[in-house]
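Worksheet: the structure to be examined is printed underneath.
Per chain, numbering begins at 1; letters A, B, ... match sequence-line order.
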Amino acid sequence: MNNDFLVFDHVTKRFGALTAVDDVSLTVGKGEFFSLLGPSGCGKTTLLRMLGGFERPDSGRIYLEGRDITDLPPDRRRVHTVFQNYALFPTMTVWDNIAFALRLAKRPKAEIEERVDAMLDMIQLSDQAWKYPNQLSGGQKQRVAIARALVDRPQVLLLDEPLAALDLKLRQHMLIELDAIHDQVGITFLYVTHDQGEAMSLSDRIAVVNKGRIEQLDGPAKIYEAPATRFVASFIGDTNFFCGKIVSIDGDYCHIQVEGFPQIRAFNDKQLKVGQRVDLSVRPEKIRVTRTPPLPEKGASINVFPSTVRDIVYQGVYTKYWLQSEALQISALKPHSRFLLDQEAITWNDEVFVWWHPDDGYMVEVQ
Amino acid sequence: MNNPLHTRKAEWALTAPSFLWLALFFAVPAVIVLMFTFHGHDASGGVGEWSLSTWRELVDPDYPAIVWNTLRISFEITVWSIVLALPCAYAIARMKTRWRGIVAGAIMLPFWTSFVVRVFAWKTMLHPDGWLQSCYIGWLSVRAWLFGWLPGFMQDFLLWAGLATPGAVDPASSTILDSEAAVVLVSVYSFLPFAIMPIYSAAEKFDFSLLEAARDLGAKNFYAFRRIFVPGIRQGLVSAVLMVFIPAVGSYVIPQMLGGTNCILIGNKIFMRAIQNRNIPHASALATLMAVAVLVPIGLAMWWKKRQDVRGRRRLDAQTARLMVSAGGAR
């Protein structure tokens with residue numbers, strides 16, 4: 001993989017007093033499915049618009065295949081966007097929408113027909129070719145928007161929250177389809193979303209963006225399991241934070257003292273020293289909740305804390321428990337299954353045990 | 001209130017006043033005007049006996065030329081108004097909301113002064129010593145020069161259609177006041193707001209991200225404007241054309257005051273027949289003729305549009321059928 005395919009080199013963009021993009025540098029490989037993930041207003045869309053040519057950075061350069069494209073207008077970049085609202089041309093049929101870029105490029109008629117028909121085939125809308133956009137469903141519009149942007153084989157396809165306007169079922173279906181399309185065309189996809197699920201399931205790599213800066217750039221699993229910052233840990237999925245200080249080291253493990261709580265054992269993969277302030281993140285699904293404590297042979301090395309059930313929320317796939325343990329509130333998820341069923345169902349105000357393996361906690365240093 | 005009978009009643013009650021108003025002050029007078037045309041006139045300016053004499057009198061060799069001139073000048077006024085209104089409406093629609101109101105208000109502001117007063121003001125500006133006079137001579141010279149380059153048959157055609165005048169420009173005898181150019185200029189000035197407003201209200205609803213999408217796919221700004229923006233505000237354009245063309249055809253104040261004897265339109269003729277000659281039936285016949293002259297092209301355009309749609313649908317069906325056959329699905 002050529003890693004210098006698309007390069008943002010110290011790019012900064014301000015809107016008045018607001019710094020939307022703050023000195024961002026990143027590289028995207030050719031053919032990669034790359035996601036910019038962050039909350040709304042974090043600057044991810046501004047990054048995308050600068051690549052599309054709709055905004056000009058205040059400083060820094062953008063290179064595409066070694067060529068500086070920072071100052072080129074949108075029509076002189078081979079970069080196409082799938083807009084959040086699709087932006088299909090309402091006065092043109094589906095066929096004409098898809099043919100738009102090819103007609104602009106003055107391709108021969110036969111080639112236009114062949115390529116548009118091939119695109120329609122790919123998105124399985126050949127029988128809708130002569131309809132107008134307002135006659136299509138949301139998912140169909142979405143597919144037309146993708147076909148329109150892919151038809152003249154751009155160097156990069158930009159997708160700006162492309163699934164945000166679709167309902168859950170359709171979104172899941174389109175995710176699979178997007179993945180298939182990416183495999184089929186082999187074009188670099190730059191995907192902007194605030195939905196971690198979308199980014200996780202599609203991306204080769206994800207850049208988590210917050211306040212105009214990249215907090216972490218890694219593969220999906222790394223971002224979830226080993227968040228670089230407290231922001232990443234809290235933005236990607238749900239987590240429990242234990243803020244404290246390392247008080248002792250025990251081989252590969254350490255003990256963390258949190259105010260108003262017993263010491264917690266955690267895996268010290270970063271080889272932090274005693275006295276270091278850390279935020280320990282433990283995902284709710286890694287915490288078990290039981291009426292009885294775990295077997296003593298396990299109990300020696302794992303974290304076990306007696307707690308009181310404060311709240312229970314049934315979520316279908318899981319049930320979420322809110323537990324009071326000493327001075328802290330802990331949330332835990334429990335899947336439903338016969339095997340996991342307690343003798344007696346856990347209910348409000350029950351005295352229970354929460355426990356997790358020290359390897360399931362992940363520490364983020366606090367400066 | 002969900003009873004359909006109730007809503008039907010409510011509909012009637014709500015539309016009745018405007019319906020009645022239109023019937024009384026539009027439909028009935030229109031029928032009266034039409035009936036007058038089948039009467040003669042008497043010497044005192046009254047309406048005479050039933051007769052076809054008025055229609056017979058209408059075979060005046062002047063009239064075809066005047067009708068043609070009226071349509072031609074109205075067309076010119078419409079084209080200029082649309083050409084100026086399009087970028088203007090586009091610009092207003094792209095402004096911040098606060099500015100839109102201010103600018104749109106500024107465009108409507110002249111309506112607070114009397115129309116006749118404004119036309120009089122133009123009379124001063126078009127004075128032979130004014131700078132507009134120099135512009136006019138320059139414009140005529142350019143036109144004459146361009147005309148000289150045209151092949152003979154085109155020159156003949158333009159002369160025949162009244163779109164050009166033969167010979168060199170004589171600055172002494174060519175005054176912008178009392179010319180066709182003055183009529184077109186001031187008419188465009190007067191009707192421009194009527195062209196801007198419908199286009200603007202369509203442009204305001206236009207989704208400008210479509211222009212960005214077009215740019216993104218490789219279109220230059222002007223191409224995106226022409227292929228995406230203009231078709232997108234078609235409805236506004238159609239009403240703007242009608243809002244300018246129809247009053248232009250019927251206008252008589254502007255040609256009367258600024259066109260002199262060089263630009264007599266059908267509106268002036270109607271005025272002359274009705275007020276100076278006191279021949280109401282004749283004026284009515286001219287008015288009917290003018291209405292027909294406006295309604296026929298509009299009717300034709302609508303018929304053509306409908307035919308295009310039907311054809312488009314047929315082509316669409318044919319394409320779908322072809323696709324189904326090629327997909328092996330000719331069930």
Side-chain angles (χ1 to χ4, degrees), chain A residues 48-49 51-55 72-107 113 117 120-121 124-133 135 145 147-152 154 156-158 160, chain B residues 86 90 93-94 96 98 199 202-239 305 308-331:
Chain A
L48 201 73
R49 289 176 61 81
L51 184 55
F54 298 111
E55 306 283 355
L72 291 181
D75 53 286
R76 302 220 4 235
R77 309 171 177 219
R78 286 191 45 227
V79 171
H80 295 337
T81 311
V82 176
F83 293 90
Q84 187 175 351
N85 62 354
Y86 319 128
L88 296 178
F89 305 129
T91 52
M92 296 183 191
T93 61
V94 167
W95 206 94
D96 291 330
N97 262 284
I98 298 175
F100 190 82
L102 295 174
R103 283 190 176 140
L104 264 171
K106 300 210 165 62
R107 310 302 307 170
E113 278 178 16
D117 287 341
L120 281 166
D121 210 31
Q124 293 162 23
L125 284 180
S126 298
D127 52 338
Q128 315 280 326
W130 302 101
K131 283 195 176 170
Y132 285 87
Q135 296 168 292
R148 184 180 69 173
L150 280 175
V151 74
D152 68 334
V156 186
L157 183 73
L158 310 180
D160 186 5
Chain B
L86 250 182
Y90 173 85
R94 297 229 76 172
K96 292 212 175 79
R98 200 168 63 94
I199 299 179
E204 205 186 16
K205 291 183 207 90
F206 180 77
D207 176 8
F208 284 98
S209 70
L210 293 178
L211 293 185
E212 229 170 55
R215 295 275 288 139
D216 184 76
L217 291 165
K220 297 249 181 293
N221 271 323
F222 184 66
Y223 185 92
F225 181 84
R226 192 163 57 84
R227 286 298 311 276
I228 307 298
F229 179 71
V230 173
I233 53 147
R234 217 172 21 195
Q235 294 303 326
L237 271 179
V238 170
S239 24
K305 171 87 175 66
Q308 286 292 86
D309 285 356
V310 172
R311 273 175 141 195
R313 222 173 298 131
R314 270 201 213 116
R315 190 192 60 164
L316 201 148
D317 290 345
Q319 294 274 18
T320 319
R322 194 142 38 82
L323 269 163
M324 280 171 69
V325 170
S326 68
R331 280 153 286 191

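- Here A:F83 pairs with nothing under the ring pair (Phe, Tyr, Trp, His ring centres under 6.0 Å) rule; sequence neighbours left out.
- Residue contact with chain B, scored on non-hydrogen atoms closer than 4.5 Å, involves the backbone of A:L88 exclusively.
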For a quick test of your reading: what N or O donor-acceptor pairs under 3.5 Å do the side chains of residues 218-225 of chain B make, sequence neighbours left out?
from, atom 1, to, atom 2, distance (Å)
B:K220, NZ, A:D75, OD2, 2.9
B:N221, OD1, B:R215, NE, 3.1
B:Y223, OH, B:R227, NH1, 3.2

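- Taken from CG in A:D152 to NE2 in A:H80, the straight-line distance is 3.5 Å, to the nearest 0.5 Å.
- Note on ring orientation: taking the six-membered ring where Trp is involved, the planes of B:F229 and B:F208 are parallel (angle under 30°, cut-offs 30° and 60°).
- With a 4.5 Å cut-off on non-hydrogen atoms, A:D121 does not touch chain B at all.
- Of the inter-residue distances, the one linking A:K131 atom NZ with A:N97 atom CG reads 14.5 Å to the nearest 0.5 angstrom.
- Contact of A:V151 with chain B is not made at all, since no heavy-atom distance falls under 4.5 Å.
- Both the backbone and the side chain of B:D216 come within less than 4.5 Å of a heavy atom of chain A.
- For chain B, no part of A:R78 is nearby; none of its heavy atoms comes within less than 4.5 Å.
- For A:T81, the parts lying near chain B are the backbone and the side chain together; criterion is any non-hydrogen pair under 4.5 Å.
- Taking 4.0 Å as the cut-off between side-chain N and carboxylate O, A:R103 and A:D96 count as a salt-bridged pair.
- Top candidate by heavy-atom pairs under 4.5 Å with chain A, chosen from B:G232, B:P231, B:A214, is B:A214.
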